[in-house]
*Asks:* 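Starting off with a structure, shown below.
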2 protein chains.
Amino acid sequence: MMTIMKTAVPRYIQIADGLRQQIESDELSPGDQLPSERELSETWQVSRMTLRAALQSLESQGLLVRRQGAGTFVAEPKFERQAGKLVPFTEAMRNRGYKTGARVILFEQRAAATSTAQKLQLPPAAPVYVIHRLRLINDEPVLLEKFAMSVTLFPDLASHDLEERSIYEITRTEYGIIASEAQQSLEPVLATEYEAELLGIEPGVPLMLERRLAFDQEKRPFEYGRDLYRGDRFRFITEIAPLDDR
Amino acid sequence: MMTIMKTAVPRYIQIADGLRQQIESDELSPGDQLPSERELSETWQVSRMTLRAALQSLESQGLLVRRQGAGTFVAEPKFERQAGKLVPFTEAMRNRGYKTGARVILFEQRAAATSTAQKLQLPPAAPVYVIHRLRLINDEPVLLEKFAMSVTLFPDLASHDLEERSIYEITRTEYGIIASEAQQSLEPVLATEYEAELLGIEPGVPLMLERRLAFDQEKRPFEYGRDLYRGDRFRFITEIAPLDDR
DNA sequence: AGGCTACAATGGTCTATACCATTTGCCGGC
DNA sequence: GCCGGCAAATGGTATAGACCATTGTAGCCT
(Lines give C-alpha, C1' and ligand atoms only; values in the text may rest on other atoms or scores of the structure.)
Protein backbone atom coordinates (compact mmCIF):
# COMPACT_ATOMS: atom_id res chain seq x y z
CA MET A 1 0.00 0.00 0.00
CA MET A 2 1.36 3.39 -0.95
CA THR A 3 -0.94 5.77 0.81
CA ILE A 4 1.92 7.92 1.91
CA MET A 5 3.98 7.56 -1.25
CA LYS A 6 4.17 10.42 -3.63
CA THR A 7 4.10 9.34 -7.23
CA ALA A 8 6.88 11.79 -8.04
CA VAL A 9 9.79 12.28 -5.69
CA PRO A 10 11.29 15.74 -6.06
CA ARG A 11 14.53 15.72 -7.94
CA TYR A 12 16.50 17.26 -5.10
CA ILE A 13 15.39 14.47 -2.78
CA GLN A 14 16.35 11.83 -5.34
CA ILE A 15 19.79 13.39 -5.56
CA ALA A 16 20.10 13.60 -1.79
CA ASP A 17 19.15 9.92 -1.53
CA GLY A 18 21.72 8.99 -4.15
CA LEU A 19 24.49 10.85 -2.34
CA ARG A 20 23.41 9.45 1.01
CA GLN A 21 23.69 5.93 -0.39
CA GLN A 22 27.23 6.67 -1.53
CA ILE A 23 28.06 7.84 1.99
CA GLU A 24 26.34 4.99 3.79
CA SER A 25 27.84 2.31 1.53
CA ASP A 26 31.33 3.59 2.28
CA GLU A 27 31.79 4.61 -1.32
CA LEU A 28 32.48 7.96 0.29
CA SER A 29 34.27 8.02 3.64
CA PRO A 30 34.30 10.61 6.41
CA GLY A 31 36.57 13.43 5.39
CA ASP A 32 36.27 12.75 1.66
CA GLN A 33 35.59 15.75 -0.49
CA LEU A 34 32.64 15.63 -2.83
CA PRO A 35 32.80 16.92 -6.39
CA SER A 36 31.98 20.62 -6.59
CA GLU A 37 28.43 21.84 -6.80
CA ARG A 38 28.93 22.80 -10.40
CA GLU A 39 30.27 19.36 -11.27
CA LEU A 40 27.50 17.55 -9.42
CA SER A 41 24.82 19.65 -11.10
CA GLU A 42 26.24 18.59 -14.45
CA THR A 43 26.43 14.97 -13.32
CA TRP A 44 22.80 14.94 -12.20
CA GLN A 45 21.61 17.19 -15.00
CA VAL A 46 19.96 19.75 -12.76
CA SER A 47 20.39 23.41 -11.95
CA ARG A 48 22.92 24.32 -9.32
CA MET A 49 20.14 25.54 -7.03
CA THR A 50 18.41 22.15 -7.14
CA LEU A 51 21.73 20.47 -6.41
CA ARG A 52 22.29 22.86 -3.53
CA ALA A 53 18.91 21.94 -2.08
CA ALA A 54 20.02 18.32 -2.04
CA LEU A 55 23.31 19.15 -0.32
CA GLN A 56 21.55 21.36 2.21
CA SER A 57 19.26 18.50 3.07
CA LEU A 58 22.19 16.20 3.73
CA GLU A 59 23.96 18.88 5.71
CA SER A 60 20.96 19.31 7.97
CA GLN A 61 20.99 15.55 8.56
CA GLY A 62 24.59 15.82 9.74
CA LEU A 63 25.99 13.82 6.84
CA LEU A 64 27.87 16.62 5.08
CA VAL A 65 29.96 19.60 6.03
CA ARG A 66 30.16 22.53 3.62
CA ARG A 67 32.81 25.22 3.81
CA GLN A 68 32.63 28.30 1.68
CA GLY A 69 35.54 28.45 -0.76
CA ALA A 70 36.90 25.05 0.25
CA GLY A 71 34.34 22.43 -0.70
CA THR A 72 31.83 19.88 0.57
CA PHE A 73 33.02 17.02 2.74
CA VAL A 74 31.57 13.89 4.24
CA ALA A 75 31.06 14.56 7.92
CA GLU A 76 32.94 12.67 10.60
CA PRO A 77 30.55 10.55 12.66
CA LYS A 78 29.72 11.94 16.07
CA PHE A 79 30.72 10.36 19.33
CA GLU A 80 27.71 9.28 21.36
CA ARG A 81 27.45 10.40 24.92
CA GLN A 82 24.95 9.05 27.36
CA ALA A 83 22.81 11.87 28.59
CA GLY A 84 21.79 11.63 32.19
CA LYS A 85 24.22 8.88 33.05
CA LEU A 86 27.29 9.31 35.18
CA VAL A 87 29.68 7.18 33.18
CA PRO A 88 33.31 8.11 33.40
CA PHE A 89 34.06 9.86 30.18
CA THR A 90 37.42 8.18 29.66
CA GLU A 91 36.02 4.73 30.20
CA ALA A 92 33.06 5.32 27.94
CA MET A 93 35.25 6.48 25.07
CA ARG A 94 37.93 3.85 25.58
CA ASN A 95 35.22 1.22 25.47
CA ARG A 96 34.48 2.49 22.00
CA GLY A 97 38.08 1.99 20.95
CA TYR A 98 39.12 5.61 21.08
CA LYS A 99 42.39 6.87 22.46
CA THR A 100 41.69 9.35 25.21
CA GLY A 101 43.70 11.96 26.94
CA ALA A 102 43.28 14.77 29.40
CA ARG A 103 45.02 18.01 30.25
CA VAL A 104 44.50 20.05 33.36
CA ILE A 105 44.23 23.60 32.15
CA LEU A 106 43.45 25.27 35.42
CA PHE A 107 43.75 24.14 38.99
CA GLU A 108 43.35 26.80 41.58
CA GLN A 109 41.98 27.31 45.00
CA ARG A 110 39.77 30.28 45.63
CA ALA A 111 36.83 31.49 47.62
CA ALA A 112 33.64 30.04 46.22
CA ALA A 113 31.39 32.26 44.19
CA THR A 114 28.00 32.71 45.79
CA SER A 115 26.20 30.41 43.41
CA THR A 116 28.87 27.74 43.72
CA ALA A 117 28.80 27.88 47.52
CA GLN A 118 25.06 27.60 47.37
CA LYS A 119 25.04 24.61 45.07
CA LEU A 120 27.68 22.79 47.11
CA GLN A 121 25.98 23.74 50.37
CA LEU A 122 29.13 25.42 51.62
CA PRO A 123 29.46 28.54 53.76
CA PRO A 124 29.76 31.73 51.71
CA ALA A 125 33.28 32.23 50.28
CA ALA A 126 34.36 28.82 51.50
CA PRO A 127 37.54 27.67 49.78
CA VAL A 128 36.98 25.55 46.69
CA TYR A 129 39.11 24.15 43.93
CA VAL A 130 38.25 25.48 40.52
CA ILE A 131 39.42 23.01 37.94
CA HIS A 132 39.36 23.18 34.15
CA ARG A 133 40.24 19.98 32.38
CA LEU A 134 40.43 19.45 28.65
CA ARG A 135 39.53 16.02 27.32
CA LEU A 136 40.87 14.67 24.09
CA ILE A 137 39.88 11.81 21.83
CA ASN A 138 42.45 10.60 19.35
CA ASP A 139 44.49 13.69 20.23
CA GLU A 140 41.61 16.00 19.34
CA PRO A 141 40.18 18.25 22.08
CA VAL A 142 36.46 17.55 22.33
CA LEU A 143 35.36 18.45 25.83
CA LEU A 144 36.16 21.16 28.32
CA GLU A 145 35.24 20.35 31.91
CA LYS A 146 34.97 23.10 34.48
CA PHE A 147 34.14 22.03 37.97
CA ALA A 148 34.34 23.08 41.59
CA MET A 149 34.90 21.00 44.69
CA SER A 150 35.29 21.82 48.35
CA VAL A 151 38.82 22.21 49.71
CA THR A 152 37.62 21.19 53.14
CA LEU A 153 36.08 17.99 51.85
CA PHE A 154 39.05 17.11 49.62
CA PRO A 155 42.24 18.37 51.20
CA ASP A 156 45.40 18.08 49.15
CA LEU A 157 43.53 17.21 45.95
CA ALA A 158 46.38 18.61 43.87
CA SER A 159 48.57 15.73 44.92
CA HIS A 160 46.49 13.35 42.83
CA ASP A 161 46.85 12.83 39.12
CA LEU A 162 43.84 14.52 37.58
CA GLU A 163 45.02 13.82 34.06
CA GLU A 164 45.21 10.07 34.32
CA ARG A 165 42.51 9.40 36.87
CA SER A 166 38.77 9.90 36.97
CA ILE A 167 37.76 12.47 39.51
CA TYR A 168 35.14 10.13 40.93
CA GLU A 169 37.69 7.35 41.26
CA ILE A 170 39.87 9.70 43.26
CA THR A 171 37.04 10.81 45.54
CA ARG A 172 36.08 7.20 46.16
CA THR A 173 39.48 5.69 46.80
CA GLU A 174 41.20 8.63 48.47
CA TYR A 175 38.36 10.30 50.32
CA GLY A 176 35.70 7.64 50.72
CA ILE A 177 33.14 9.77 48.88
CA ILE A 178 31.13 7.79 46.39
CA ALA A 179 29.29 9.54 43.58
CA SER A 180 25.81 8.10 43.64
CA GLU A 181 23.64 10.42 41.64
CA ALA A 182 23.60 13.76 39.92
CA GLN A 183 21.38 16.48 38.62
CA GLN A 184 22.16 17.20 35.01
CA SER A 185 20.81 19.33 32.25
CA LEU A 186 21.69 19.82 28.60
CA GLU A 187 21.55 23.03 26.70
CA PRO A 188 23.21 24.39 23.62
CA VAL A 189 25.54 27.38 24.01
CA LEU A 190 28.09 29.13 21.83
CA ALA A 191 31.82 28.87 22.43
CA THR A 192 33.55 31.85 23.99
CA GLU A 193 37.01 32.80 22.77
CA TYR A 194 38.63 31.07 25.75
CA GLU A 195 36.66 27.89 25.20
CA ALA A 196 37.16 28.01 21.46
CA GLU A 197 40.89 28.31 21.76
CA LEU A 198 41.10 25.31 24.07
CA LEU A 199 38.79 23.20 21.94
CA GLY A 200 40.40 24.12 18.66
CA ILE A 201 37.33 25.70 17.15
CA GLU A 202 36.12 29.14 16.21
CA PRO A 203 34.36 31.37 18.75
CA GLY A 204 30.63 31.18 18.25
CA VAL A 205 30.61 27.51 17.34
CA PRO A 206 27.84 25.61 19.15
CA LEU A 207 28.71 23.60 22.22
CA MET A 208 26.51 21.41 24.37
CA LEU A 209 26.65 22.51 27.96
CA GLU A 210 26.07 19.78 30.50
CA ARG A 211 25.52 21.26 33.90
CA ARG A 212 26.02 18.81 36.69
CA LEU A 213 25.69 18.67 40.45
CA ALA A 214 26.95 15.35 41.77
CA PHE A 215 25.87 13.90 45.10
CA ASP A 216 27.54 11.36 47.32
CA GLN A 217 25.99 8.35 48.99
CA GLU A 218 24.65 10.58 51.76
CA LYS A 219 22.92 12.81 49.22
CA ARG A 220 25.37 15.61 49.82
CA PRO A 221 26.46 17.67 46.83
CA PHE A 222 30.21 17.49 46.37
CA GLU A 223 30.95 18.45 42.80
CA TYR A 224 29.51 21.25 40.75
CA GLY A 225 30.43 21.26 37.12
CA ARG A 226 29.83 22.57 33.68
CA ASP A 227 31.01 20.37 30.82
CA LEU A 228 31.25 21.87 27.36
CA TYR A 229 31.09 19.31 24.56
CA ARG A 230 31.88 20.18 20.99
CA GLY A 231 28.47 20.10 19.35
CA ASP A 232 29.94 18.90 16.10
CA ARG A 233 31.59 15.89 17.75
CA PHE A 234 28.91 14.58 20.07
CA ARG A 235 25.31 13.62 20.14
CA PHE A 236 23.48 12.73 23.26
CA ILE A 237 21.35 9.71 23.86
CA THR A 238 19.30 8.88 26.87
CA GLU A 239 19.28 5.74 28.85
CA ILE A 240 18.88 5.56 32.56
CA ALA A 241 20.37 2.85 34.66
CA PRO A 242 21.60 2.55 38.21
CA LEU A 243 24.52 4.84 38.69
CA ASP A 244 27.89 3.40 37.75
CA ASP A 245 30.98 4.43 39.60
CA ARG A 246 32.83 7.33 38.12
CA MET B 1 34.43 43.17 20.02
CA MET B 2 33.02 41.92 16.77
CA THR B 3 35.40 39.20 15.79
CA ILE B 4 32.55 36.90 14.83
CA MET B 5 30.33 39.58 13.32
CA LYS B 6 29.92 39.77 9.60
CA THR B 7 29.74 43.30 8.31
CA ALA B 8 26.85 42.34 6.03
CA VAL B 9 24.09 40.11 7.25
CA PRO B 10 22.44 38.23 4.41
CA ARG B 11 19.07 39.62 3.53
CA TYR B 12 17.28 36.36 4.18
CA ILE B 13 18.67 36.27 7.72
CA GLN B 14 17.60 39.87 8.32
CA ILE B 15 14.09 38.95 7.22
CA ALA B 16 14.08 35.82 9.37
CA ASP B 17 15.17 37.89 12.37
CA GLY B 18 12.44 40.43 11.70
CA LEU B 19 9.76 37.77 11.55
CA ARG B 20 11.15 36.03 14.62
CA GLN B 21 10.88 39.26 16.56
CA GLN B 22 7.24 39.57 15.56
CA ILE B 23 6.67 36.04 16.84
CA GLU B 24 8.61 36.44 20.07
CA SER B 25 7.03 39.79 20.91
CA ASP B 26 3.56 38.27 20.61
CA GLU B 27 2.76 40.47 17.68
CA LEU B 28 2.11 37.10 16.06
CA SER B 29 0.60 34.37 18.20
CA PRO B 30 0.70 30.59 17.85
CA GLY B 31 -1.75 29.56 15.18
CA ASP B 32 -1.72 32.93 13.41
CA GLN B 33 -1.35 32.80 9.67
CA LEU B 34 1.42 34.84 8.12
CA PRO B 35 0.94 36.85 4.95
CA SER B 36 1.59 34.80 1.83
CA GLU B 37 5.09 34.36 0.47
CA ARG B 38 4.25 36.60 -2.44
CA GLU B 39 2.96 39.33 -0.15
CA LEU B 40 5.92 39.09 2.19
CA SER B 41 8.39 39.23 -0.70
CA GLU B 42 6.75 42.48 -1.78
CA THR B 43 6.78 43.82 1.77
CA TRP B 44 10.48 43.10 2.21
CA GLN B 45 11.33 43.96 -1.39
CA VAL B 46 13.09 40.71 -2.15
CA SER B 47 12.61 37.81 -4.51
CA ARG B 48 10.28 35.06 -3.45
CA MET B 49 13.20 32.64 -3.25
CA THR B 50 15.01 34.88 -0.78
CA LEU B 51 11.84 35.19 1.25
CA ARG B 52 11.43 31.42 1.18
CA ALA B 53 14.95 31.01 2.52
CA ALA B 54 13.97 33.13 5.50
CA LEU B 55 10.81 31.12 6.13
CA GLN B 56 12.69 27.86 5.80
CA SER B 57 15.15 29.05 8.41
CA LEU B 58 12.35 29.80 10.85
CA GLU B 59 10.64 26.52 10.06
CA SER B 60 13.79 24.57 10.87
CA GLN B 61 13.94 26.41 14.21
CA GLY B 62 10.45 25.16 14.97
CA LEU B 63 8.89 28.62 14.91
CA LEU B 64 6.79 28.22 11.78
CA VAL B 65 4.67 25.56 10.17
CA ARG B 66 4.17 25.64 6.41
CA ARG B 67 1.44 23.75 4.61
CA GLN B 68 1.32 23.53 0.86
CA GLY B 69 -1.81 25.21 -0.50
CA ALA B 70 -2.93 26.45 2.92
CA GLY B 71 -0.36 28.94 4.16
CA THR B 72 2.33 29.61 6.74
CA PHE B 73 1.46 29.60 10.43
CA VAL B 74 3.14 30.42 13.70
CA ALA B 75 3.92 27.10 15.39
CA GLU B 76 2.33 26.05 18.63
CA PRO B 77 4.97 25.82 21.36
CA LYS B 78 5.99 22.29 22.20
CA PHE B 79 5.32 20.59 25.50
CA GLU B 80 8.49 19.77 27.33
CA ARG B 81 9.03 16.28 28.58
CA GLN B 82 11.77 15.27 30.96
CA ALA B 83 13.90 12.68 29.28
CA GLY B 84 15.21 10.02 31.58
CA LYS B 85 12.94 10.89 34.44
CA LEU B 86 10.03 8.79 35.61
CA VAL B 87 7.56 11.56 36.31
CA PRO B 88 3.93 10.65 35.97
CA PHE B 89 2.85 12.12 32.66
CA THR B 90 -0.45 13.41 33.96
CA GLU B 91 1.15 15.12 36.91
CA ALA B 92 3.88 16.70 34.83
CA MET B 93 1.40 18.17 32.36
CA ARG B 94 -1.12 19.23 34.97
CA ASN B 95 1.66 21.03 36.76
CA ARG B 96 2.06 23.07 33.60
CA GLY B 97 -1.59 24.06 33.68
CA TYR B 98 -2.77 21.69 30.97
CA LYS B 99 -5.96 19.70 31.06
CA THR B 100 -5.10 16.04 30.72
CA GLY B 101 -7.07 12.98 29.82
CA ALA B 102 -6.55 9.34 29.04
CA ARG B 103 -8.35 6.64 27.11
CA VAL B 104 -7.63 2.96 27.32
CA ILE B 105 -7.58 1.78 23.74
CA LEU B 106 -6.60 -1.80 24.31
CA PHE B 107 -6.56 -3.96 27.39
CA GLU B 108 -6.05 -7.62 26.81
CA GLN B 109 -4.42 -10.58 28.34
CA ARG B 110 -2.29 -12.79 26.17
CA ALA B 111 0.75 -14.98 26.19
CA ALA B 112 3.87 -12.85 26.25
CA ALA B 113 5.85 -12.47 23.08
CA THR B 114 9.32 -13.89 23.41
CA SER B 115 11.02 -10.53 23.66
CA THR B 116 8.49 -9.30 26.19
CA ALA B 117 8.88 -12.39 28.37
CA GLN B 118 12.60 -11.93 28.20
CA LYS B 119 12.53 -8.29 29.19
CA LEU B 120 10.16 -8.90 32.08
CA GLN B 121 12.08 -12.01 33.15
CA LEU B 122 8.98 -14.14 32.80
CA PRO B 123 8.71 -17.75 31.65
CA PRO B 124 8.12 -18.07 27.90
CA ALA B 125 4.50 -17.42 26.94
CA ALA B 126 3.64 -16.34 30.46
CA PRO B 127 0.39 -14.41 30.58
CA VAL B 128 0.75 -10.65 30.37
CA TYR B 129 -1.52 -7.69 29.99
CA VAL B 130 -0.99 -5.74 26.82
CA ILE B 131 -2.29 -2.25 27.32
CA HIS B 132 -2.56 0.65 24.90
CA ARG B 133 -3.46 3.97 26.43
CA LEU B 134 -3.95 7.25 24.64
CA ARG B 135 -3.02 10.41 26.49
CA LEU B 136 -4.59 13.75 25.72
CA ILE B 137 -3.69 17.30 26.55
CA ASN B 138 -6.43 19.92 26.20
CA ASP B 139 -8.48 17.24 24.44
CA GLU B 140 -5.78 16.66 21.86
CA PRO B 141 -4.20 13.20 21.62
CA VAL B 142 -0.45 13.60 22.03
CA LEU B 143 0.92 10.31 23.33
CA LEU B 144 0.22 6.64 22.74
CA GLU B 145 1.47 4.34 25.47
CA LYS B 146 1.85 0.65 24.81
CA PHE B 147 2.99 -1.45 27.70
CA ALA B 148 3.06 -4.99 29.05
CA MET B 149 2.86 -6.23 32.60
CA SER B 150 2.74 -9.65 34.20
CA VAL B 151 -0.69 -11.08 34.98
CA THR B 152 0.82 -13.16 37.76
CA LEU B 153 2.36 -10.13 39.40
CA PHE B 154 -0.74 -7.95 38.99
CA PRO B 155 -3.84 -10.12 39.22
CA ASP B 156 -7.11 -8.43 38.42
CA LEU B 157 -5.50 -5.29 37.07
CA ALA B 158 -8.56 -4.61 34.93
CA SER B 159 -10.57 -3.79 38.03
CA HIS B 160 -8.57 -0.60 38.47
CA ASP B 161 -9.23 2.66 36.71
CA LEU B 162 -6.42 2.98 34.18
CA GLU B 163 -7.88 6.14 32.73
CA GLU B 164 -7.89 8.21 35.87
CA ARG B 165 -4.93 6.72 37.73
CA SER B 166 -1.24 6.49 37.08
CA ILE B 167 -0.13 2.93 36.50
CA TYR B 168 2.67 3.33 39.02
CA GLU B 169 0.28 4.66 41.62
CA ILE B 170 -1.80 1.55 41.11
CA THR B 171 1.14 -0.83 41.36
CA ARG B 172 2.28 0.92 44.54
CA THR B 173 -0.99 1.19 46.40
CA GLU B 174 -2.67 -2.01 45.19
CA TYR B 175 0.26 -4.37 44.76
CA GLY B 176 3.05 -2.95 46.90
CA ILE B 177 5.34 -2.67 43.90
CA ILE B 178 7.20 0.61 43.82
CA ALA B 179 8.74 1.88 40.61
CA SER B 180 12.25 2.85 41.54
CA GLU B 181 14.17 3.11 38.31
CA ALA B 182 13.97 2.45 34.61
CA GLN B 183 15.96 1.94 31.50
CA GLN B 184 14.86 4.36 28.83
CA SER B 185 15.90 5.33 25.38
CA LEU B 186 14.71 7.87 22.86
CA GLU B 187 14.56 7.46 19.14
CA PRO B 188 12.58 9.01 16.34
CA VAL B 189 10.21 6.78 14.38
CA LEU B 190 7.41 7.34 11.88
CA ALA B 191 3.77 6.83 12.74
CA THR B 192 2.06 3.71 11.44
CA GLU B 193 -1.53 3.96 10.24
CA TYR B 194 -2.81 2.57 13.54
CA GLU B 195 -0.78 5.03 15.58
CA ALA B 196 -1.58 7.92 13.26
CA GLU B 197 -5.29 7.30 13.50
CA LEU B 198 -5.19 7.29 17.28
CA LEU B 199 -3.01 10.36 17.48
CA GLY B 200 -4.93 12.33 14.92
CA ILE B 201 -2.04 12.71 12.52
CA GLU B 202 -1.01 11.43 9.12
CA PRO B 203 0.83 8.13 8.75
CA GLY B 204 4.52 8.80 8.32
CA VAL B 205 4.61 11.76 10.67
CA PRO B 206 7.58 11.60 13.03
CA LEU B 207 7.05 10.35 16.57
CA MET B 208 9.49 10.09 19.43
CA LEU B 209 9.63 6.55 20.71
CA GLU B 210 10.50 6.22 24.38
CA ARG B 211 11.28 2.62 25.19
CA ARG B 212 11.11 1.87 28.87
CA LEU B 213 11.74 -1.03 31.19
CA ALA B 214 10.72 -0.13 34.72
CA PHE B 215 12.10 -1.86 37.79
CA ASP B 216 10.72 -2.16 41.28
CA GLN B 217 12.50 -1.60 44.57
CA GLU B 218 14.01 -5.10 44.36
CA LYS B 219 15.43 -4.37 40.91
CA ARG B 220 12.92 -6.63 39.23
CA PRO B 221 11.53 -5.55 35.88
CA PHE B 222 7.76 -5.22 36.05
CA GLU B 223 6.70 -2.99 33.18
CA TYR B 224 7.87 -3.00 29.61
CA GLY B 225 6.64 -0.18 27.49
CA ARG B 226 6.91 1.84 24.35
CA ASP B 227 5.57 5.38 24.46
CA LEU B 228 5.01 7.20 21.22
CA TYR B 229 5.01 10.97 21.55
CA ARG B 230 3.92 13.25 18.79
CA GLY B 231 7.17 14.76 17.58
CA ASP B 232 5.48 18.00 16.72
CA ARG B 233 4.09 18.43 20.22
CA PHE B 234 7.01 17.51 22.46
CA ARG B 235 10.63 18.18 23.01
CA PHE B 236 12.75 16.35 25.44
CA ILE B 237 15.02 17.79 28.04
CA THR B 238 17.31 16.01 30.39
CA GLU B 239 17.61 16.37 34.07
CA ILE B 240 18.24 13.54 36.46
CA ALA B 241 17.04 13.50 39.97
CA PRO B 242 16.15 10.80 42.43
CA LEU B 243 13.18 8.91 41.15
CA ASP B 244 9.77 10.35 41.93
CA ASP B 245 6.80 8.11 42.35
CA ARG B 246 4.78 7.49 39.28
C1' DA C 1 -29.44 21.96 2.83
C1' DG C 2 -25.80 19.25 1.29
C1' DG C 3 -22.55 17.75 -1.98
C1' DC C 4 -19.69 18.40 -5.85
C1' DT C 5 -16.93 20.96 -8.95
C1' DA C 6 -14.14 24.60 -10.37
C1' DC C 7 -11.21 28.23 -9.51
C1' DA C 8 -8.22 31.02 -6.88
C1' DA C 9 -4.78 31.23 -3.43
C1' DT C 10 -0.97 29.23 -1.46
C1' DG C 11 3.29 26.65 -0.80
C1' DG C 12 6.72 23.52 -3.44
C1' DT C 13 9.95 22.55 -7.19
C1' DC C 14 12.97 23.93 -10.71
C1' DT C 15 15.64 26.69 -14.09
C1' DA C 16 19.17 30.02 -15.63
C1' DT C 17 22.01 33.46 -14.40
C1' DA C 18 24.87 36.82 -12.02
C1' DC C 19 27.65 38.27 -8.49
C1' DC C 20 29.80 37.98 -3.77
C1' DA C 21 32.90 35.89 -0.12
C1' DT C 22 36.17 32.55 1.18
C1' DT C 23 39.75 29.31 0.52
C1' DT C 24 43.56 27.27 -1.67
C1' DG C 25 47.30 26.72 -4.61
C1' DC C 26 50.75 28.43 -7.55
C1' DC C 27 54.13 31.58 -9.05
C1' DG C 28 57.37 35.12 -8.61
C1' DG C 29 60.39 37.84 -5.99
C1' DC C 30 63.43 38.50 -2.27
C1' DG D 1 63.45 28.49 0.81
C1' DC D 2 59.94 31.42 2.35
C1' DC D 3 56.51 34.84 1.92
C1' DG D 4 53.16 37.48 -0.34
C1' DG D 5 50.01 38.34 -3.94
C1' DC D 6 46.99 36.92 -7.38
C1' DA D 7 43.95 34.00 -9.69
C1' DA D 8 41.11 30.14 -9.87
C1' DA D 9 38.03 27.17 -7.60
C1' DT D 10 34.50 26.72 -4.43
C1' DG D 11 30.38 27.63 -1.64
C1' DG D 12 26.89 31.52 -0.51
C1' DT D 13 23.42 34.98 -1.76
C1' DA D 14 20.09 36.80 -4.73
C1' DT D 15 17.03 37.59 -8.75
C1' DA D 16 13.23 36.68 -12.07
C1' DG D 17 10.28 33.65 -13.69
C1' DA D 18 7.62 29.44 -14.77
C1' DC D 19 5.10 25.66 -13.53
C1' DC D 20 3.33 21.98 -10.27
C1' DA D 21 0.65 20.26 -6.17
C1' DT D 22 -2.37 21.08 -2.48
C1' DT D 23 -5.93 23.42 0.00
C1' DG D 24 -9.95 26.02 0.74
C1' DT D 25 -13.90 28.52 -0.61
C1' DA D 26 -17.70 29.78 -3.33
C1' DG D 27 -21.27 28.81 -6.35
C1' DC D 28 -24.33 25.81 -8.48
C1' DC D 29 -27.21 21.88 -8.77
C1' DT D 30 -29.92 18.31 -6.86
Side-chain angles (χ1 to χ4, degrees), chain A residues 2-19 28 31-75 201-205 232, chain B residues 2-19 28 31-60 62-75 200-205 232:
Chain A
M2 296 194 302
T3 50
I4 58 173
M5 284 307 183
K6 279 174 162 180
T7 48
V9 177
R11 196 84 178 94
Y12 81 93
I13 291 185
Q14 294 178 23
I15 298 169
D17 286 348
L19 294 173
L28 286 168
D32 282 358
Q33 175 167 5
L34 267 64
S36 70
E37 291 179 358
R38 291 165 176 85
E39 285 178 277
L40 285 170
S41 66
E42 281 194 33
T43 298
W44 291 88
Q45 285 293 296
V46 291
S47 78
R48 196 178 145 226
M49 296 312 298
T50 299
L51 193 281
R52 279 179 60 78
L55 295 185
Q56 175 160 13
S57 166
L58 294 171
E59 180 182 37
S60 69
Q61 295 169 48
L63 294 175
L64 291 183
V65 172
R66 296 195 294 167
R67 288 169 46 224
Q68 180 175 4
T72 303
F73 305 85
V74 180
I201 53 177
E202 295 296 310
V205 161
D232 63 332
Chain B
M2 294 192 307
T3 48
I4 57 171
M5 285 306 183
K6 281 172 160 180
T7 50
V9 176
R11 196 82 181 95
Y12 82 93
I13 292 185
Q14 294 177 22
I15 298 169
D17 286 346
L19 294 173
L28 287 169
D32 280 359
Q33 175 166 3
L34 267 65
S36 71
E37 291 179 356
R38 292 166 176 83
E39 286 177 278
L40 285 169
S41 67
E42 280 193 35
T43 299
W44 290 89
Q45 285 292 297
V46 292
S47 77
R48 197 180 146 226
M49 294 312 298
T50 299
L51 193 283
R52 279 178 61 78
L55 295 185
Q56 175 160 15
S57 166
L58 294 171
E59 181 183 38
S60 70
L63 294 175
L64 291 183
V65 172
R66 298 193 293 168
R67 286 169 49 221
Q68 182 173 1
T72 303
F73 305 85
V74 179
I201 53 179
E202 295 296 310
V205 161
D232 63 332

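Just so it is clear, the values below take in all heavy atoms, side chains as well, and ignore hydrogens, waters and symmetry mates. These figures come from a predicted structure and were not determined experimentally.
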*Asks:* What nucleotide, of C:dT13, C:dT10, D:dT13, holds the atom closest to the side chain of B:R38?
*Replies:* C:dT10

*Asks:* Taking only N and O in the side chain of B:T72, is any of them less than 4.0 Å away from OP1 or OP2 of C:dT10?
*Replies:* no

*Asks:* Counting only side-chain heavy atoms from C-beta out, which of C:dT15, D:dG11, C:dG11 sits nearest to B:R52?
*Replies:* C:dG11

*Asks:* Counting the atoms with a prime plus P, OP1 and OP2 as sugar-phosphate, which does A:R48 contact under 4.0 Å by heavy atoms, base, sugar-phosphate, or nothing?
*Replies:* base

*Asks:* Is a donor from one side chain sitting under 3.5 angstrom from an acceptor on the other, for B:E37 and B:S41?
*Replies:*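 Not at all, the side chains of B:E37 and B:S41 share no donor-acceptor pair under 3.5 Å.
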
*Asks:* Within the structure shown, what part of the strands sits under 4.0 Å from A:R67 by heavy-atom distance: base, sugar-phosphate, or nothing?
*Replies:*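 Result for A:R67 = sugar-phosphate.
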
*Asks:* Looking at B:T50, I'd like to know whether one of its side-chain N or O atoms comes within less than 4.0 Å of OP1 or OP2 on D:dT15.
*Replies:*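 The answer is yes; a side-chain N or O of B:T50 sits under 4.0 Å from OP1 or OP2.
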
*Asks:* Compare the minimum distances between each of C:dA16, D:dG12, C:dT13 and the side chain of B:M49, then state the nucleotide with the smallest one.
*Replies:*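 Side chain of B:M49 sits closest to C:dT13.
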
*Asks:* Would you kindly compare A:S47 and B:G71 by the position of their nearest DNA chain C nucleotide and give the one closer to the 5′ end?
*Replies:*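 The residue mapped nearer the 5' terminus is B:G71.
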
*Asks:* The side chain of A:E37 lies closest to which of these nucleotides: C:dT10, D:dG11, C:dC14?
*Replies:*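 From the listed options, D:dG11 comes nearest.
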
*Asks:* Taking for each residue the nucleotide of DNA chain C with the nearest heavy atom, is it A:A70 or A:I13 whose nucleotide lies nearer the 5' end?
*Replies:*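 Closer to the 5' end of DNA chain C: A:I13.
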
*Asks:* Only one of A:L58, A:L40, A:L34, A:V65 clears side-chain contact (heavy atoms from CB on, under 4.5 Å) with A:T72; which?
*Replies:* A:L34

*Asks:* Quick one: label B:R11 by what it contacts on the DNA or RNA (base, sugar-phosphate, nothing), any heavy atom closer than 4.0 Å.
*Replies:*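 It contacts sugar-phosphate atoms only.
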
*Asks:* Can you tell me how far CD of B:Q14 sits from CH2 of B:W44, rounded to the nearest 0.5 angstrom?
*Replies:* 8.5 Å

*Asks:* Can you tell me the distance, in whole Å, between the CD atom of A:E39 and the C1' atom of D:dG11?
*Replies:*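 Atom CD in A:E39 sits about 13 Å away from atom C1' in D:dG11.
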
